[in-house]
Amino acid sequence: MVEQADARKGHGDVVLVAGGDDVVVPDGAAGLGDDRHAGLVGPLDVVAEGEEGVAAQGDTGHLVQPGPLFLSGQRLRLGTWSNSLNVAQTLEKSSYSVSLGNTHQDGIIPKTGMDRYNVKVSAETKLTNNFTTGFAGNYITTSIDKAVTSGNGLLRTVYASPASYDLAGIPSHVDGDIYKQNSFRGNFDNAYWAIDNNKYTEDTNRFFGNVYATYQTDFGTANHKLNAKYMLGVDAYTTHYSDSYGYGSNTGGGRGQIENYGWTNATYNSLLTINYDWRINDDWGLNAVAGNEFIQSNRKKYYEYGTNYNFAGWNHINNATTQLTEEERWKNRTVGFFGNVSASYRNMLYLTVTGRQDYVSNMPRNNRSFFYPSVSAGFILTELDELKNDVVNYAKLRVSYAEVGQAGDFLENYYSTPTYGGGFYSLTPIMYPIKGTTAYTPYYTIFDPNLKPQNTRSYEIGADVNFFDNLITLNYTYSRQNVKDQIFSVPLSSSTGASKLLTNGGKIHTDTHEITLGFNPIRTKNINWDFGFNWTKIDNYVDELAPGVENISPCGRGSMMNINSVRWEEKNSTRYGNCSLRAILPKATTSPETRWPEVRIPPEHIFLSVI
């Protein structure tokens, strides 16, 4: 049993937590003996004082922060539980499985929580000795009731209330008008009133699954194997969000506001792989893989905004006198062809070569294809008879080179309806359409028609050494990454009519050293005890920016710290900032012609973060 106390005195009652998640509020605590806050919580069990696990302490206790959110003389049950059911069976040539599940979770704040339900079905059957087919499907639905956050968050009037202000005892609204609040902070909603009238919800439905078919054969030999598999899959989900402030809320000018928004995403995937394994002789082995992948992604984003309800009691977009709607759609397609060949010699020497050619739809027409190869090799020294000993039981050298291509999100330049924020002003000053007329202006970001895929080249060398039958393990890796044609937005002069240009903006490289040390002193049948230590050093360098680009704006003006112009000069090592676009920040100053204060960052406080 835990007593919860705070600075308020004179109520003569105490809130007690009796085991687990049961919270008990004695009758009359903090002036809650009436129905001013009825309906703040879900189903409750009435508990009389003196029952098992419940106690009272007269005038020595005081109510605390949790007290105001609970009902008098009742116990709030909080908890999380899950239920699952699975039925599976294996037959002579087939198998199947069906699973059902449910999870419920109560939030700490009243009227918050989560419910999730999931279904999974899978089956497989062997058609012949060579052919097998099957499928798997998963459906999940999740519903979340969240606490109201952002500028008019639920706790704005809780943390700011002094001990002398009886947040629980003073009614949350004036007598006779439930839509006119009593709030300690007049610009923010009363916490009790907000629980009943404001609501944030999130609902997601998701399905993902696949069907597949495989073919296997050994050609009637012992040293040849072929495995071919084709899989067709889908991953689709829809998420709806609703941020609602009821009639009487300070958000929306006192007459309420609602925002409905969400995503619909469906990704279809077709994958064919052919794997061939050949054991040439006792010394040599060869493996080859070839395949094709097709990915189609369809996305939709919608947004609805409504404010100034006609009347109270119906917090719905159709009740709003001012409405704004937006919708965006994207379609991306990627077609890739890939292959790799691996060879091994006496389980001692290994060599792997890979390559992939991708064709993407979200790049300019002349730059939609790119190829990225890799090669790696390994040599296990302790497989040589001359190097086998009782001290070093395993030693391996490894080296690799790889390239990775990354496409950007290129769009043809287009027009959009401008939006204007009110800043600290609670209402939007200008919102189209105005008297039936909608405005369009060039979108603030211009897309470079010569945009190229970003390319990363990685070089790596390392060694793994184990001592005394793996009692001690030591690993070292050095790697270097050269990134060129980075894709990010660079600033433009306002005279261009735009603020950003999405282009290939520069080149960087990264040097990394990593050492891992392991120690396994106890290895018995029942006990295994090991220690691991890791040391990593990363140095990031800016090599160049795109021609004509002397600075960028990595932080938006809404960031915690604003840098309007950043110059790129030297090595960076330390993290900085809270930026929507994180990048390398060398010695930084703001442009003298801007109205933003000057910011100077010494080199030892600069960082690299690439997204």
Side-chain angles (χ1 to χ4, degrees), residues 275 285-291 293 336-358 370-384 387 392-407 452-467 470 472-487 504 506-519 530 532-544 570-575 582-584 607-611:
N275 188 311
L286 181 69
N287 177 268
V289 177
E293 186 174 29
F337 299 90
F338 58 89
N340 73 272
V341 177
S342 300
S344 63
Y345 174 71
R346 290 190 174 183
N347 295 323
M348 177 175 60
L349 287 173
Y350 298 89
L351 177 66
T352 301
V353 179
T354 73
R356 179 175 176 122
Q357 179 76 40
D358 273 352
F370 47 97
F371 176 76
Y372 42 102
S374 74
V375 59
S376 63
F379 180 22
I380 302 178
L381 303 173
T382 46
E383 288 296 320
L384 296 172
L387 297 181
V392 180
N393 62 286
Y394 179 83
K396 179 181 178 180
L397 298 176
R398 44 189 166 79
V399 62
S400 67
Y401 165 81
E403 290 188 31
V404 177
Q406 180 179 333
K452 296 180 292 186
Q454 179 174 304
N455 180 271
T456 301
R457 294 182 178 180
S458 301
Y459 307 83
E460 182 177 300
I461 186 171
D464 307 313
V465 184
N466 297 356
F467 301 91
N470 300 325
I472 301 173
T473 60
L474 179 64
N475 312 101
Y476 169 75
T477 300
Y478 165 77
S479 64
R480 178 186 175 103
Q481 286 191 336
N482 294 331
V483 183
K484 69 174 184 177
D485 297 326
Q486 279 187 291
I487 299 175
N504 300 106
K507 181 188 295 185
I508 66 172
H509 75 267
T510 302
D511 290 329
T512 303
H513 299 267
E514 183 173 9
I515 299 176
T516 302
L517 177 64
F519 183 50
D530 53 33
F533 305 91
N534 180 271
W535 176 85
T536 302
K537 182 176 185 292
I538 302 175
D539 291 323
N540 307 291
Y541 298 85
V542 182
D543 298 322
E544 65 180 50
E570 56 187 71
K571 168 184 170 182
N572 305 285
S573 60
T574 308
R575 281 210 149 189
R582 294 187 172 181
I584 305 174
F607 88 107
L608 167 68
S609 179
V610 180
I611 59 173

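For Ser344, the side chain to side chain contact (heavy atoms under 4.5 Å, CB included) test picks out Arg279, Tyr350, with sequence neighbours left out. Scanning for ring-ring contact (aromatic ring centres under 6.0 Å, His included) contacts around Tyr401 gives Tyr459, with sequence neighbours left out. Contacts of Glu514 classified as side-chain hydrogen bond (donor to acceptor under 3.5 Å, both in side chains), with partners at least two apart in sequence or in another chain: Asn534. Residues passing the salt bridge (Lys or Arg N to Asp or Glu O under 4.0 Å) test with Lys396, sequence neighbours excluded: none. Remark: Asp511 pairs with Arg480 by the salt bridge (Lys or Arg N to Asp or Glu O under 4.0 Å) rule, at least two apart or across chains. Residues satisfying the side chain to side chain contact (heavy atoms under 4.5 Å, CB included) test with Ser479, not counting sequence neighbours, are Glu460, Thr512. Legend: residues meeting side-chain hydrogen bond (donor to acceptor under 3.5 Å, both in side chains) with Thr477, ordered by chain and number and at least two apart, are Arg398. Residues satisfying the side chain to side chain contact (heavy atoms under 4.5 Å, CB included) test with Tyr476, not counting sequence neighbours, are Tyr478, His513, Ile515. A search for ring-ring contact (aromatic ring centres under 6.0 Å, His included) contacts involving Tyr345 returns Trp284, not counting sequence neighbours. Asn275 is linked by a side-chain hydrogen bond (donor to acceptor under 3.5 Å, both in side chains) to Asn287, counting only residues two or more places apart in sequence or in another chain.
Distance CG/Asn393 to CZ/Phe467: 9.0 Å, rounded to 0.5 Å. Remark: Asp464 CG to Asn475 CG distance equals 4.5 Å, nearest 0.5 Å. The CD atom of Glu544 lies 10.0 Å from the NZ atom of Lys484; values are rounded to the nearest 0.5 Å. From Thr516, atom OG1 reaches atom CZ of Phe533 across 11.5 Å, with rounding to the nearest 0.5 Å. Separation of atoms CG (Asn455) and CG (Asn482) is listed at 9.5 Å; rounding is to 0.5 Å. Rounded to the nearest 0.5 angstrom, Thr456 OG1 and Asp485 CG are separated by 10.0 Å.
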Go through it in stages, so that I can follow the logic: the residues are Val465 and Val392, the test is side-chain contact (heavy atoms from CB on, under 4.5 Å), and I'd like the CA-CA distance, side-chain angles, deciding distance and then a yes or no. CA-CA 7 Å; Val465 184; Val392 180; 3.8 Å; yes

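Val399 places none of its side-chain heavy atoms less than 4.5 Å from the side chain of Leu397. The shortest side-chain heavy-atom distance between Val341 and Leu351 does not fall under the 4.5 Å cut-off.
Nearest heavy atoms, Thr352 versus Ser342: OG1-OG, 3.1 Å. Shortest non-hydrogen contact noted between Pro453 and Phe370 is CG-CD2, 3.5 Å. A pairwise comparison of heavy atoms in Val542 and Ile508 identifies CA-CG2, 4.2 Å as the closest pair.
Using modelled atom types, no side-chain atom of Gln406 and backbone atom of Gln454 make a donor-acceptor pair closer than 3.5 Å. Asn504 places a side-chain N or O within donor-acceptor distance of the main-chain N or O of Lys452, the cut-off being under 3.5 Å.
Applying the salt bridge (Lys or Arg N to Asp or Glu O under 4.0 Å) test to every pair with at least one member in residues 338-354, sequence neighbours left out, gives these pairs: Asp283-Arg346. Listed by first and then second residue, the side-chain hydrogen bond (donor to acceptor under 3.5 Å, both in side chains) pairs involving residues 371-383 are Thr354-Ser374, Arg356-Tyr372, Asp358-Tyr372 (not counting sequence neighbours).
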